[in-house]
Amino acid sequence: MSLEEKGAAGTSTPTEKEAAPAFAAGETVQARDQEDFWTRNGLNLRSFGKRDMGTGSIDSLDRTMKTRHMHMIAIGGSIGAGFFVGSGKALSTGGPATLLIDFAIIGVMMFNTVYALGELAVMYPVSGGFYTYSTRFIDPSWGFAMGWNYVMQWAIVLPLELTVCSMTVGYWNSSISVAVWITIFWAAILIINVFGTLGYAEEEFWSSVLKLGAVVVFMFIAVILVCGGGPSGSRYDEYSGAKLWYDPGAFANGFRGFCSVFVTAAFSFSGTELVGLAAAEAKNPLRSLPGAIKQVFWRITLFYILGLFFIGLLIPHTDDNLLGANPYADVNASPFVLVGKYANLVGYDSFMNVIILVSVLSIGVSSVYGGSRTLTALAQQGYAPKVFSYIDRSGRPLISVITLLAFGPLAYVSLSATGPEVFDWLLALSGLAALFTWGSICLAHIRFRKAWALQGRSLDEIPFKAVGGVYGSYIGLGLNILVLIAQLYVSICPVGGGFNDVEGFFKSYMALPVVIIFWIGGFLWKRTGWLRTDQIDLDTGRRELDWDVINADRAKLAAMPTWKRWMYTFFV
């Protein structure tokens with residue numbers, strides 16, 4: 001029996017609504033194999049019929065995602081408008097040193113968060129994992145809040161990304177109505193979702209390849225430009241080095257500027273956690289997920305940190321072009337586009353805009369994927385109407401996908417005179433939402449480890465362990481809290497000086513009251529509170545593992561030289 005066919009539920013027998021989804025991978029694989037090609041890939045009317053789920057529940061989703069998909073989702077999946085466009089506003093607000101430091105801090109936070117997620121997801125690879133981990137390890141009411149918060153986050157991100165797509169195309173031709181491009185890109189996302197998990201996985205793979213290739217090309221060009229190798233007559237035709245760090249300076253707007261960049265950095269990393277969500281639809285998460293988790297280090301170090309370091313060397317934070325009409329939607333304000341313009345590199349600005357367009361469309365596809373899987377998980381466990389638990393013959397959570405896609409037309413609001421105002425409020429709802437998800441993942445891991453120790457279990461029984469262990473999760477949780485505090489400070493004391501009014505405060509900190517409302521709603525619905533450590537169920541839904549294979553891998557690792565063992569532990 002293959003590893004992915006082994007997941008039987010544990011020995012515990014919780015109530016129907018509170019039960020963690022049982023594993024039925026064997027039944028899922030068999031059900032899929034019995035369908036013809038057109039049905040498996042969602043290409044005929046029969047594919048929309050309800051799948052016979054047998055004894056399984058959420059795991060009736062298809063497990064067609066391969067290792068290459070997982071790795072590219074991890075390393076390039078969340079690189080989008082926050083990185084390519086929002087970094088310009090962040091540079092203007094905080095200066096190059098703040099940009100680098102804040103992204104590095106968020107990077108450390110994400111490194112520990114994703115490793116904690118990896119440890120949990122290998123043992124409990126269920127779709128909607130972020131929500132289910134909060135439910136079973138922290139508090140069912142908090143899990144309810146995190147589940148709905150995550151669904152709402154992605155439901156709002158979809159129209160935002162459609163708006164950014166339409167504005168990006170406007171860089172070449174502004175005479176065509178934005179509504180036309182919103183419709184075209186919304187239809188493109190819909191078509192990709194027709195192919196279900198495989199459509200999402202392939203789209204993410206190839207878009208990530210393109211994004212990462214573009215960032216690598218940018219960094220080679222940036223090294224040449226910093227050294228003065230730009231075209232004659234351009235801004236970069238002589239060596240500049242770190243000149244811009246001295247004049248106009250490394251920091252801007254003092255402590256307020258430093259705090260304000262955190263939210264941009266957090267927005268830029270949103271979607272990193274999707275690699276854990278995708279684990280439930282991987283053929284063999286024990287093999288593919290650990291390697292994918294380790295790729296996050298490379299994305300943080302090489303692409304975010306190094307890429308933004310070069311931006312700080314090439315674009316002064318006082319550049320007026322960084323102050324676009326909208327910090328996430330105005331591609332004219334992208335520092336990656338500005339570098340091409342200032343270097344007189346013909347066509348490079350258009351090339352980067354194509355990359356931005358692909359990146360933003362990719363995040364739009366991810367929003368439907370992440371939101372629909374979580375909504376289906378909520379329905380499977382009685383936290384949402386049962387209609388959302390519908391899974392069709394091709395393995396798509398059909399009703400949930402349609403529901404998420406239905407939020408796309410909100411992008412048409414941008415056509416009205418009050419569009420920018422609505423855009424700001426939508427951004428306020430989604431900007432901090434990811435921080436609560438990440439903090440909950442770290443706390444769930446801490447609670448899991450505490451319950452594991454209380455029940456006298458050995459860490460050797462955990463197949464993939466977070467590099468920082470429980471201490472890494474404490475660091476991740478602490479940094480999440482610090483970022484929320486920093487954003488609270490900026491919400492009261494904005495960068496421009498003085499104090500914010502009520503509207504300005506809620507535009508900056510809307511996510512907190514929304515989460516509290518969901519938490520209260522979850523408590524009223526479930527009437528459950530914080531779980532004691534001895535109440536935590538560690539067995540239901542836990543994957544049975546092939547320990548012969550795991551022990552053989554561990555023995556192979558132990559026999560390696562120290563340098564090679566470290567390389568495998570952190571990077572392979």
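Side chains are part of it too, since the values below use all heavy atoms of this structure and drop only hydrogens, waters and symmetry mates.
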Problem - Residues that Glu202 engages under salt bridge (Lys or Arg N to Asp or Glu O under 4.0 Å), provided they are two or more places apart - result: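 Counting only residues at least two positions away or on another chain, Glu202 forms a salt bridge (Lys or Arg N to Asp or Glu O under 4.0 Å) with Arg68.
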
Handout entry: Pairing residues for Glu161 by the salt bridge (Lys or Arg N to Asp or Glu O under 4.0 Å) criterion, not counting sequence neighbours
Key =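 Salt bridge (Lys or Arg N to Asp or Glu O under 4.0 Å) list for Glu161, sorted by chain: empty.
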
Using modelled atom types only, decide if a donor and an acceptor are shared between the side chain of [X] and the backbone of [Y] within a distance under 3.5 Å.
X: Thr374; Y: Gly371; result: no
X: Ser508; Y: Gly504; result: yes
X: Asn173; Y: Val169; result: no
X: Lys211; Y: Ile79; result: yes
X: Thr93; Y: Ala90; result: no
X: Asn149; Y: Ala433; result: yes
X: Ser207; Y: Glu204; result: yes
X: Trp186; Y: Leu405; result: yes
X: Ser87; Y: Phe83; result: yes

Is any side-chain heavy atom of [X] closer than 4.5 Å to a side-chain heavy atom of [Y]?
X: Val114; Y: Thr272; value: yes
X: Ser473; Y: Asn112; value: no
X: Asp349; Y: Tyr171; value: yes
X: Ile176; Y: Trp181; value: yes
X: Ile311; Y: Phe218; value: yes
X: Ile356; Y: Asn353; value: yes
X: Lys89; Y: Leu322; value: no
X: Phe506; Y: Pro513; value: yes

Report the distance from atom [atom1] of [X] to atom [atom2] of [Y], rounding to the nearest 0.5 Å.
X: Met352; Y: Leu357; atom1: CE; atom2: CG; result: 12.0 Å
X: Ile106; Y: Ile305; atom1: CD1; atom2: CD1; result: 10.0 Å
X: Tyr390; Y: Ile402; atom1: OH; atom2: CD1; result: 9.0 Å
X: Phe407; Y: Leu158; atom1: CZ; atom2: CG; result: 9.5 Å
X: Gln487; Y: Leu435; atom1: CD; atom2: CG; result: 8.5 Å
X: Ile182; Y: Ser166; atom1: CD1; atom2: OG; result: 4.5 Å

Handout entry: Identified side chain to side chain contact (heavy atoms under 4.5 Å, CB included) partner of Trp438 from the options Leu477, Thr113, Leu117, Val483
Key =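 Only match with Trp438 under side chain to side chain contact (heavy atoms under 4.5 Å, CB included): Thr113.
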
Exercise for the section: If the plane angle is over 60° it's perpendicular, under 30° parallel, otherwise tilted; pick one for Tyr369 and Tyr200. Expected result: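 The rings of Tyr369 and Tyr200 lie parallel, inter-plane angle below 30°.
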
Practice task
Kindly assign one of parallel, tilted or perpendicular to the pair Tyr304 and Phe269, based on the angle between their ring planes and the thresholds 30° and 60°.
Solution key: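 Correct class here is parallel.
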
Practice task
Would you check if there is a donor-acceptor pair between the side chains of Arg396 and Thr376 at a distance under 3.5 Å?
Solution key: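 Not at all, the side chains of Thr376 and Arg396 share no donor-acceptor pair under 3.5 Å.
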
Exercise for the section: Check the side chains of Glu273 and Thr437 for a donor-acceptor pair under 3.5 angstrom, ignoring hydrogens and angles. Expected result: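 No, because no side-chain N or O of Thr437 sits under 3.5 Å from a partner of the opposite role on Glu273.
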
Residues which pass side-chain contact (heavy atoms from CB on, under 4.5 Å) with [X], listed by chain and number, not counting sequence neighbours:
X: Thr183; value: Tyr412
X: Phe351; value: Ala214, Tyr348, Ile355
X: Leu488; value: Ile492, Phe505, Tyr509

Quick check: closest heavy atoms across [X] and [Y], and the distance to 0.1 Å?
X: Ala434; Y: Ser270; value: CB-OG, 3.6 Å
X: Ala466; Y: Glu119; value: N-OE1, 2.9 Å
X: Ala384; Y: Trp148; value: CB-CZ2, 3.5 Å
X: Met219; Y: Gly307; value: SD-N, 3.9 Å
X: Ser177; Y: Leu415; value: OG-CD2, 4.5 Å
X: Leu120; Y: Ile441; value: CD1-O, 4.3 Å

Exercise for the section: Verify side-chain contact (heavy atoms from CB on, under 4.5 Å) between Leu479 and Val108, making sure each step is shown before the conclusion. Expected result: CA-CA 9 Å; Leu479 289 176; Val108 171; 4.0 Å; yes

Exercise for the section: Taking the six-membered ring for Trp and the single ring otherwise, decide whether the centroids of Phe448 and Tyr133 are under 6.0 Å apart. Expected result: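 Phe448 vs Tyr133: aromatic centres not under 6.0 Å.
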
Practice task
Only pairs at least two apart or in different chains count here, so list each side-chain hydrogen bond (donor to acceptor under 3.5 Å, both in side chains) that has a residue in residues 511-520.
Solution key: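 Sorted pair list: Asp139-Trp519.
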
Exercise for the section: Measure from NZ or CZ of Arg136 to the centre of the six-membered ring of Tyr124 and say whether it is under 6.0 Å with the direction within 45° of the ring axis. Expected result: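 Yes, cation above the ring, under 6.0 Å and within 45°.
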
Practice task
Verify side-chain contact (heavy atoms from CB on, under 4.5 Å) between Leu210 and Trp206, making sure each step is shown before the conclusion.
Solution key: CA-CA 6 Å; Leu210 190 61; Trp206 292 109; over 6 Å; no

Exercise for the section: Test Tyr131 against every option in Tyr150, Phe436, Tyr383 by the ring pair (Phe, Tyr, Trp, His ring centres under 6.0 Å) rule and name the one that passes. Expected result: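 Considering Tyr150, Phe436, Tyr383, a ring pair (Phe, Tyr, Trp, His ring centres under 6.0 Å) with Tyr131 is found only for Tyr383.
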
